[in-house]
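Everything on this sheet refers to the single structure shown next.
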Amino acid sequence: MESRQREEKTFCRICAGYCGLIYSFDAAGAVAKVQGDRANPLSRGYACIKGLTLHEAHMSERRLLWPLKRRSDGGFERIPLDQAFKEIADRLRTIIETHGADAVGCFRGTQTYLYPLAYAMQPAFMASIGSRSFYSTMTIDQSAKWVTAARLGRWAAGLDPYELSDVLMLVGANPLVSLTSPNMAVQNPVKSIKEAKADGKKLIVIDPRRSQTAEFADLLIQPIPGEDATLLAGLLRCILASRWEDREFVERYATGLESLREAVAPFTPEYVARRAGVPSETLEAAARLFAEPYPDRRKRGSAASGTGPSMGRHSNLSEHLLEAINVVCGRLARPGDPVANPGVTSCPGPRRAEVIAPSREWENGWKDEAGFGSLFGERMTATLPFCIGKNAPDGIHALIVDGGNPVNAIPESSTVSDAFDKLSLLVCIEPFLNETSSKADYILPPKMMLERADVTSSIMEPLLRMPYAQYAAPMLIVPAHAELVEDWEVFWEIARRLKLPISLNGVPLDMDEKPAAEELIALMLEGSNVDFGVIRSIRGGQVFDVSPAYVEQGDNEACFELAPPDILEELRSLRAEQLTSAEFDLRLTVRRMRGVMNSSYHHLPTLQVRDADNPLWMHPDDMTSRQLEPGSRVKIVSAHGAIEAAIEADATLRPGVVSITHGWGHGAGVNVNALTSLKERDPINAMPVMTGFGVRLEPL
C-alpha cells in the first residue's frame, strides 16, 4: 500500500444495488473513511451500512487467512494451498471413478452472483467433469420464477418499461432494503421511489407488514401470510370479472383465458376476505387501480414479486398467477418501446416482442429417484440432503460450496446438518467459519471483493435502468502472511490436476499456465457492447454511450399457457384447503435486515452494534394481550420444531403476525429454518414452505 494519503473509487458487490464507494486512506495506509460516491450516476451517493463496512469483513479477526484441512479428531490444521489442491483433486478423481461424475456437486451461494468470474467458472468446471449436480440459492429462494418461466412462458422483451409505467405492484418484496426488483429502479432506492411518485406513478404493495417500501404505497394490502395464491387468484378474478383484460394482446399471445377465468371464479372478494384477511373493497380497489383501462390510452406498468410468495405455500401457483396478471393486462414491452439498458458488459442483440414458449424442462431428461428434474441446468437444492451419501445414480458424495452456507439456508436444519456429515468430501471456498464450512474437509479462504479485480456483471444488467458499468481494481493488499485464492482459481487448479479442459465464453483456457483474472474478464467480455479495456480505463462508474435500442416486432407463433392442467388442479386444491389451526394461533413471516445479507456479515463490529440478534417482532397489541414486554424471551413452536428468541415490538405488522429474519445462527441469533420441514415440498421444484406458516408462543 502507498504510504501517502489517497482516495480510491470502487463499488459494492453484495447486492444488485452496485453502490459506488469512495475509500479514503490515511498516511499510514489505513482506511480512514468510507462514503457513497456522489458522482456515481447509478447510486448517486447512496450506500447502505453493508457497503460502508465492507472493509470490516476483510480485516475481521475471525477471517480465515490460509487453507485448512480437517484432522481425524474433527479439528483443523493449516495446509499449503498447492497441497490442498492436489489432495482435493485426488479425492475427486476417486469419487468420480467409483460413483460417476454426477456424484460431485457444486453449490453456488449468493456471494458469487455478482462475481462474474466465479459465476462463470463454477458451471464451466462442472461441465468439464461431466456432472449435472449443480445447485444454488436460487432453487431454495425464488425458483418459482423459473418454474413459471418454463410453464407459463416468457416474454422476450421483458416487462413494461419502468419509465413508461403508470402503476406498479409489488408482492412480498421490499426493494428499499433488498435493492432488487425487476419492475422498479432500485439504486438509491428512497430517491428513486420519490422520483417515481413525483412523476405520477402509483404503487400497490402487498405485504403483511408496512415495510419501508410500503410507506410509499398508494394502496397497501396486508394479507395473512401464506395466502398469496388466494389473494392473487382473487385479484385476477376481479380483473377478469370486470373484463379489464387486454383482449387484443391475449388473443394473439396467450391460450387458456376462459379456462383461467372459470378456475378463479370461486375466489370472490368475500372468500378472499374470509381466508386472506383482506377486505373485499380493498381487493377490488387494487384490481381497479392496477387494471382498469384508461379511456384514452393503454395503461402501463407491471407486477412483480420478491421472496415472500416464492418461499411460501403454493409458491409456484402464486408466481404463475402474478405473471398471468401481467399477461392478461398486457403489461409487457411492445414494439417501439425504448430499452432502458441495451447493455454494456453484455453482447448486443435484439429485444423482440414475442413469447419464448413454455418448456416444462423438469418433465424432460434426467430425474432423481424422487422424480425431481432440473430447472435451467440446476438440480433442486431441497433434494440435496436426501441425495448425500446414496449409492445410486442421484447420489452426492462430494460437494464444492462457493460463497454460500447451505446448512443454514436449507430448511429442517438438523436433517441438513446430519446429511452434510455423510459427505465423503466437502470443500468450502469461504472466508469464515459458518454452519457449512465448519463441517468441511478443506476450507479454501478466498480473496474478498476489495482485494480482487472485478467488473459489474452482465446478468445484473436487466436490473440497471441505464447502460452503466464499473471496473474495480484491487484496493486492499492481502495480508503478508496470508495464503488466499480467488474463487475461480480453485476450479481451474482442480481441473488442471484432473487433466480436464475448461472453456469460458466458448474459448478453451490454457490449462498449463494460469491466466490472470483480468485476462479472463476480458475474455468474458469479448463481443460486449463496450470493450473491457475502455471500462477498465475509467475511474468510477459511468453511463456509456451505447447505441439506443428499441423493442422489435417478434416473428414466432408461440403463446403463453395461462391455464395448463396442473395450474387448474392446484387452484382446485387451494380452494379446498383448510389452514386455520387452533394450536398455532399466529402466522410467522420472515423478513430482511438492512445490515446483513442472508447468513453473512452478522459478526462485523459496526453491525453488531446495530443488530446483535434477530428478535421476533410482534404487534404491540398482540404483546399486550399475551402480557409480553420488549426483551421477553419466548419459545416459538411450529408443527416441525421450536426455537427461542427475544420479543421486539413492531407496529408495522398486521396483528396476528410475527416476523423474524432468516439467515441467522452459528453463534449469532437463531436459525428460523429449525421451524420448517423438508417433507412439505412443491412437487415440481421441491421448494419447502419457509414463510407464512403457523406458530404458537410459549413464555420462558
Side-chain angles (χ1 to χ4, degrees), residues 140 208-209 222 224-227 277 307-308 311-313 382 385 405 407-419 434-435 438 579-593 595-596 598-599 602-603 608 610-681 688-700:
I140 202 67
R209 70 184 184 98
Q222 292 183 269
I224 296 170
E227 294 293 351
T307 55
M311 295 169 67
R313 196 177 304 275
N405 186 6
V407 174
N408 177 285
I410 303 174
E412 199 173 315
S413 307
S414 59
T415 297
V416 179
S417 180
D418 291 344
N434 58 31
E435 291 94 334
S438 62
L579 294 182
T580 56
S581 170
E583 182 181 3
F584 303 109
D585 59 331
L586 297 167
R587 287 281 182 98
L588 183 142
T589 179
V590 295
R591 65 198 285 175
R592 294 185 185 274
M593 285 183 182
V596 299
N598 299 328
S599 63
H602 301 152
H603 65 277
Q608 275 283 302
R610 292 166 54 95
D611 300 304
D613 199 354
N614 61 330
L616 183 75
W617 283 279
M618 193 173 193
H619 193 280
D621 292 349
D622 290 330
M623 294 175 62
T624 299
S625 67
R626 289 168 168 77
Q627 298 182 322
L628 294 170
E629 298 289 335
S632 302
R633 292 194 66 80
V634 295
K635 186 177 184 180
I636 309 160
V637 182
S638 73
H640 306 292
I643 57 176
E644 296 178 9
I647 293 286
E648 292 293 342
D650 183 0
T652 69
L653 283 167
R654 174 194 172 101
V657 173
V658 291
S659 180
I660 192 168
T661 307
H662 65 275
W664 288 68
H666 199 69
V670 63
N671 187 355
V672 69
N673 276 339
L675 299 175
T676 58
S677 171
L678 288 172
K679 298 174 182 65
E680 294 183 75
R681 299 185 297 177
V689 177
M690 300 173 67
T691 188
F693 52 84
V695 297
R696 69 171 186 269
L697 303 185
E698 297 177 1
L700 293 174

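Every heavy atom of this structure was used, including side-chain atoms; hydrogens, water molecules and symmetry mates were not.
Formation of a donor-acceptor pair under 3.5 Å by the D613 side chain with backbone atoms of P615 is not found in this model. N673 places no side-chain N or O within donor-acceptor distance of the main-chain N or O of M690, the cut-off being under 3.5 Å. Put simply, the side chain of R591 never gets that close to the backbone of S659: no donor and acceptor are under 3.5 Å apart. One N or O on the side chain of E412 and one on the backbone of L678 form a donor-acceptor pair closer than 3.5 Å. Proximity of a side-chain donor or acceptor of N671 to a complementary backbone N or O of G665 within less than 3.5 Å is not detected. In terms of modelled atom types and a separation under 3.5 Å, the side chain of E227 and the main chain of G692 share no donor-acceptor contact. The closest donor-acceptor contact from the side chain of N408 to the backbone of E435 lies at 3.5 Å or more, if one exists at all.
Put simply, OG on S632 and CG on L616 are 11.5 Å apart, with the number rounded to the nearest 0.5 Å. A distance of 9.0 Å separates CE in M311 from OG1 in T589, rounded to the nearest 0.5 Å. To the nearest 0.5 Å, atom OG1 of residue T676 and atom CD1 of residue I410 are 10.5 Å apart. Summarising the geometry, atom CG belonging to N405 is positioned 3.5 Å from atom CG belonging to N434; distances are rounded to the nearest 0.5 Å.
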Exercise. Apply side chain to side chain contact (heavy atoms under 4.5 Å, CB included) to the pair R313 and E680, showing each step before the final yes or no.
Key: CA-CA 9 Å; R313 196 177 304 275; E680 294 183 75; 3.2 Å; yes
Quiz prompt | Pair V670-N614, side chain to side chain contact (heavy atoms under 4.5 Å, CB included): steps then yes or no | solution = CA-CA 7 Å; V670 63; N614 61 330; 3.8 Å; yes
Quiz item: Step by step, would you call L697 with I636 a side chain to side chain contact (heavy atoms under 4.5 Å, CB included)?
Solution: CA-CA 5 Å; L697 303 185; I636 309 160; 3.9 Å; yes
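Nearest heavy-atom pair across F584 and G694 is CB-C, 3.6 Å. Pairing each heavy atom of A419 with each of P385, the nearest pair is CB-O, 3.5 Å. Contact between Q222 and P208 at its shortest, heavy atoms only, is NE2-O, 3.1 Å. Contact detail for R587 and I224: the closest heavy-atom pair is NH1-CG2, 3.3 Å. When all heavy atoms of V657 and P225 are compared, the closest pair comes out as CG2-CD, 3.4 Å.
The side-chain heavy atoms of I140 and P411, taken from C-beta on, include a pair separated by under 4.5 Å. At least one side-chain heavy atom of V672 sits less than 4.5 Å from a side-chain heavy atom of L588. Side-chain atoms of E644 and L700, non-hydrogen and from C-beta on, do get closer than 4.5 Å to each other. A heavy-atom distance below 4.5 Å is found between the side chains of P630 and M623. Inter-residue side-chain proximity for T691 and T307 is flagged as unmet; no heavy-atom pair is nearer than 4.5 Å.
More than 12 heavy atoms of other shown residues, nucleotides or ligands fall within 6.0 angstrom of atom CD in E698.
Under the side chain to side chain contact (heavy atoms under 4.5 Å, CB included) test applied with L586, the options R696, H619, M618 reduce to a single match, M618. For the side chain to side chain contact (heavy atoms under 4.5 Å, CB included) criterion with V695, the lone passing option out of I660, D585, V658 is V658.
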